[in-house]
Amino acid sequence: MADGVEVRHLGQHVDQVVEITGWVQTTRSHGKIGFVVVRDGTGAVQCVVAKKEASEEVWQTFADLTQETTVRISGQVRADHRAPGGHELTVTALDVVFASVDEFPIQPKEHGVEFLLDNRHLWLRSSQQRAGLRVRDEVEMAIHQFFYDRDFVRIDTPILSGAIGESAGTLFETDYFGDKAYLAQTGQLYVEAAAAAFRKVYCFGPTFRAEKSKTRRHLTEFWMVEPEVAFADSDDNMRLQEEFVSYLVQRAVERCADELAILERDSKALENVKPPFPRVSYTEAIAFLQEKGHDIQWGSDLGAPDEVAISDQYDRPVFVHDYPKAAKAFYMKENPDDPRTVLCNDLLAPEGYGEIIGGSQREDDHDRLLARIRDEDLPEEAYAWYLDLRKYGSFPHSGFGLGVERTVAYITGRRHIRELIAFPRMINRLYP
RNA sequence: UGGGGUGUAGCUCAACUGGCAGAGCGCCCGGCUGUUAACCGGGAGGUUGCAGGUUCAAGCCCUGCCGCCCCAGCCA
């Protein structure tokens with residue numbers, strides 16, 4: 001088994017006889033010549049069986065193949081322009097490793113979304129799904145590389161916690177030895193603590209929101225990367241974000257050209273994604289939207305159509321910064337130049353992908369933070385340790401959270417973020 | 001939660017004004033030596049989401065319920 005060849009390396013074995021293992025993607029039979037396309041996880045190759053040249057046994061095995069049968073094939077590698085991928089295999093031996101005992105549900109044709117999600121465990125084998133998840137893998141590797149290269153320390157934050165986070169109504173509750181525990185909806189508060197230990201830190205992991213959202217931009221379980229930097233202000237924070245997002249996008253463009261082609265993503269739309277990104281204050285954004293006829297007043301949060309109208313003005317992601325205090329979380333630092341607002345930013349991706357980052361400078365003053373916790377009626381005891389960070393050598397610091405699925409959806413041009421996670425969790429989907 | 005849409009064969013969809021429930025793909029059988037979601041001929045495959053109602057007659061009309069999709073809100 002170990003001496004087999006991966007399909008992606010077939011070009012190095014032209015005219016040699018090699019063995020491959022994989023799954024039957026399609027078969028086409030013509031009476032005395034047959035074609036079987038085999039996918040091995042690294043690529044797909046067309047294998048040719050000619051009745052005149054193959055043994056009776058090989059011919060009969062070929063005739064019985066069905067979609068997704070697991071096979072082991074030996075054959076001679078030939079360069080042939082008629083074959084997808086440029087190479088094909090002239091079959092000399094063909095063995096069924098495991099039969100595909102029923103009709104494979106997912107056929108090479110259109111299917112409905114519900115059916116595909118019910119069969120997500122099988123849908124993963126499709127070329128566009130494979131391509132999307134490959135880009136995700138590249139982006140995740142790029143995330144770690146970016147921060148490792150800049151001396152950030154990765155901190156793995158807890159998934160189970162007491163009541164702590166942004167707003168209580170959207171937490172998944174679970175039993176914890178007779179007490180209530182909640183699934184994390186952010187690692188931010190914990191990386192704030194770690195920032196005083198390592199200066200530059202980030203966490204990366206799943207996060208859970210019990211929001212009853214039913215949009216193409218929401219999952220109940222999604223992955224988020226959250227850097228936190230000591231002695232960084234809001235402007236430093238936005239500079240880090242534009243450098244970070246540009247790095248992720250360019251990494252995918254450079255290293256996932258094949259995948260983006262399979263996804264029919266025009267990478268020209270991504271080539272402009274380089275610093276600096278445009279910056280629009282919330283107050284400027286409201287003026288712009290009112291001029292465009294949107295029904296919106298200073299003080300209310302931006303809705304999805306508002307965000308689209310703003311991001312449509314630019315060829316790369318755009319920052320909207322310094323939102324009204326009331327529209328944002330309790331831990332954000334008040335803007336000294338305009339106390340109605342806090343030092344924060346969203347990063348809006350182009351083409352209607354919406355908010356891929358939310359970030360802010362954190363409130364570093366103990367008494368102001370305590371006042372905000374009381375204003376919002378949050379359980380003070382649960383935040384005692386968080387307030388401690390402002391008692392023992394407080395420090396200016398900023399950070400942000402980037403949603404992995406939204407970012408990869410934007411990069412790949414997929415409409416719905418549920419395709420960019422292997423097993424999406426949504427309000428009405430816990431299977432498979 | 002609100003607005004809009006939708007539910008028919010394993011899958012994707014048709015079925016005129018209420019009048020015999022159909023096609024393509026997949027599957028099975030047969031044919032074909034260069035196919036690219038091959039093609040040609042034949043076959044099997046149905047509680048039209050569920051429960052009521054109107055009617056000589058309901059996939060189609062009415063009422064209720066359920067599922068799903070899209071949009072909005074919430075957010076990354």
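Naming convention: chains lettered A, B, ... in sequence-line order (proteins, then strands); numbering from 1 in each chain.
Arg217(A) has a side-chain polar atom (N or O) that falls below the 4.0 Å cut-off from OP1 or OP2 of A72(B). For C69(B), one of the phosphate oxygens OP1 or OP2 lies less than 4.0 angstrom from a side-chain nitrogen or oxygen of Asn428(A). Distances shorter than 4.0 Å separate some side-chain N or O of Arg415(A) from OP1 or OP2 on C71(B). Close to A38(B), at under 4.0 Å from its OP1 or OP2, lies a side-chain N or O of Arg28(A). Side-chain N/O atoms of Arg82(A) include none lying less than 4.0 angstrom from OP1 or OP2 on A38(B).
For CD of Glu57(A), the number of neighbouring non-hydrogen atoms (other residues, nucleotides, ligands) closer than 6.0 Å is 12 at most. Residue Glu264(A) places its CD atom among 12 or fewer non-hydrogen atoms of other residues, nucleotides or ligands, all under 6.0 Å distant.
Listed nucleotides C32(B), G34(B), A76(B) differ in distance to Ser29(A); the shortest reach to its side chain belongs to C32(B). When each of A37(B), G34(B), U12(B) is scored by its nearest atom to the side-chain atoms of Pro108(A), the top-ranked nucleotide is A37(B). Closest to the Ile33(A) side chain, of the nucleotides U33(B), C69(B), C11(B), is U33(B). Closest contact between the side chain of Lys109(A) and the listed nucleotides C74(B), A72(B), C11(B) involves C11(B).
For Phe35(A) and G34(B), the ring-to-base geometry does not satisfy the stacking test (centroid distance below 5.5 Å, interplanar angle below 30°).
Separating the CD atom of Gln25(A) from the P atom of U35(B) is a distance of 19 Å, rounded to the nearest angstrom. Summarising the geometry, the separation between OH on Tyr431(A) and C1' on G67(B) is reported as 17 Å, rounded to the nearest angstrom. Look at CD on Glu103(A): it is 14 Å from C1' on U12(B), rounded to the nearest Å. One interatomic measurement links the two molecules: CD1 of Ile417(A) to P of A76(B), which rounds to 12 Å at whole-angstrom precision. As a whole-Å value, the separation of Lys51(A) NZ from U33(B) P is 9 Å. For Arg39(A) and A37(B), the CZ to P distance is 16 Å, given to the nearest whole Å. What separates CZ of Phe115(A) from C1' of G7(B) is a distance of 16 Å, to the nearest Å. The CZ-C1' distance, from Arg78(A) to U35(B), rounds to 14 Å in whole Å.
Here His111(A) lies in heavy-atom contact (under 4.0 Å) with sugar-phosphate atoms only. When heavy atoms are screened at a 4.0 angstrom cut-off, Gly112(A) is found touching the sugar-phosphate backbone but no base atom. Across all strands shown, Glu53(A) has no heavy atoms under 4.0 Å from either base or sugar-phosphate atoms. When heavy atoms are screened at a 4.0 angstrom cut-off, Asp346(A) is found touching no nucleic acid atom at all. Residue-level contact check: Gly354(A) touches neither bases nor backbone, having no heavy atom under 4.0 Å from any strand. Among the heavy atoms of the strands, none lies under 4.0 Å from Ile106(A). Across all strands shown, Gln107(A) has heavy atoms under 4.0 Å from base atoms, whether or not it also approaches the sugar-phosphate. Residue Thr215(A) is classed as a base contact, given a heavy-atom separation below 4.0 Å to a base. Residue contacts for Gln67(A): at a heavy-atom cut-off of 4.0 Å it reaches no nucleic acid atom on any strand shown. Backbone-only contact: His416(A) has heavy atoms under 4.0 Å from sugar-phosphate atoms and none from a base.
G7(B) and C61(B) have their P atoms separated by 10 Å, with the value rounded to a whole Å. Nucleotides G59(B) and U48(B) place their C1' atoms 5 Å apart, quoted to the nearest Å. To the nearest whole angstrom, the two C1' atoms, one in G34(B) and one in G22(B), are 35 Å apart. Separation of the P atoms belonging to C25(B) and G41(B) is 10 Å when rounded to the nearest angstrom. A distance of about 15 Å separates the P atoms of U17(B) and C60(B), rounded to the whole Å. For the C1' atom pair drawn from A44(B) and C28(B), the interatomic distance equals 7 Å after rounding to whole Å. The separation of A72(B) from A58(B), taken at their P atoms, amounts to 42 Å, rounded to a whole angstrom. Taking the C1' atom of each, A51(B) and C56(B) are spaced 24 Å apart, rounded to whole Å.
Judged by Watson-Crick or G-U wobble contacts below 3.5 Å, the nucleotide G41(B) has C29(B) as its partner. The partner of A23(B) is U12(B), judged by Watson-Crick or G-U wobble contacts that both fall below 3.5 Å. Base pairing analysis places G67(B) opposite U6(B); the two distances defining the Watson-Crick or G-U wobble pair are each below 3.5 Å. Pair assignment for G52(B): C62(B), on the basis of Watson-Crick or G-U wobble contacts that are both within less than 3.5 Å.
Aromatic rings from Phe147(A) and Tyr247(A) are positioned such that their centres are separated by 6.0 Å or more. Annotation: Trp23(A) is not in aromatic contact with Phe104(A) [ring centroid separation under 6.0 Å not met]. In this structure, His144(A) has its ring center closer than 6.0 angstrom to the ring center of Phe204(A).
Taking the six-membered ring where the residue is Trp, Phe319(A) and Phe277(A) present tilted rings, their angle falling between 30° and 60°.
Side chain Ser213(A) to base C74(B): a donor-acceptor pair is found below 3.5 Å. Counting atom types as modelled, His30(A) pairs no side-chain N or O with a base atom of C39(B) as donor and acceptor under 3.5 Å. Counting distance only, with no hydrogens placed and no angle test, the side-chain atoms of Glu114(A) and the base atoms of G7(B) include no donor-acceptor pair under 3.5 Å.
Nearer the 5' end of RNA chain B, as judged by each residue's closest nucleotide, is the contact made by Arg418(A), out of Arg406(A) and Arg418(A).
Residues in residues 111-133 of chain A take part in these ring-ring contact (aromatic ring centres under 6.0 Å, His included) pairs, two or more places apart or across chains: His111(A)-Phe115(A).
Counting only N and O atoms by type, the side chains of Thr207(A) and Trp223(A) include no donor and acceptor under 3.5 Å apart.
Among the candidates Thr341(A), Asp346(A), Asp301(A), the single residue satisfying the side chain to side chain donor-acceptor pair (under 3.5 Å) test with Tyr323(A) is Asp346(A).
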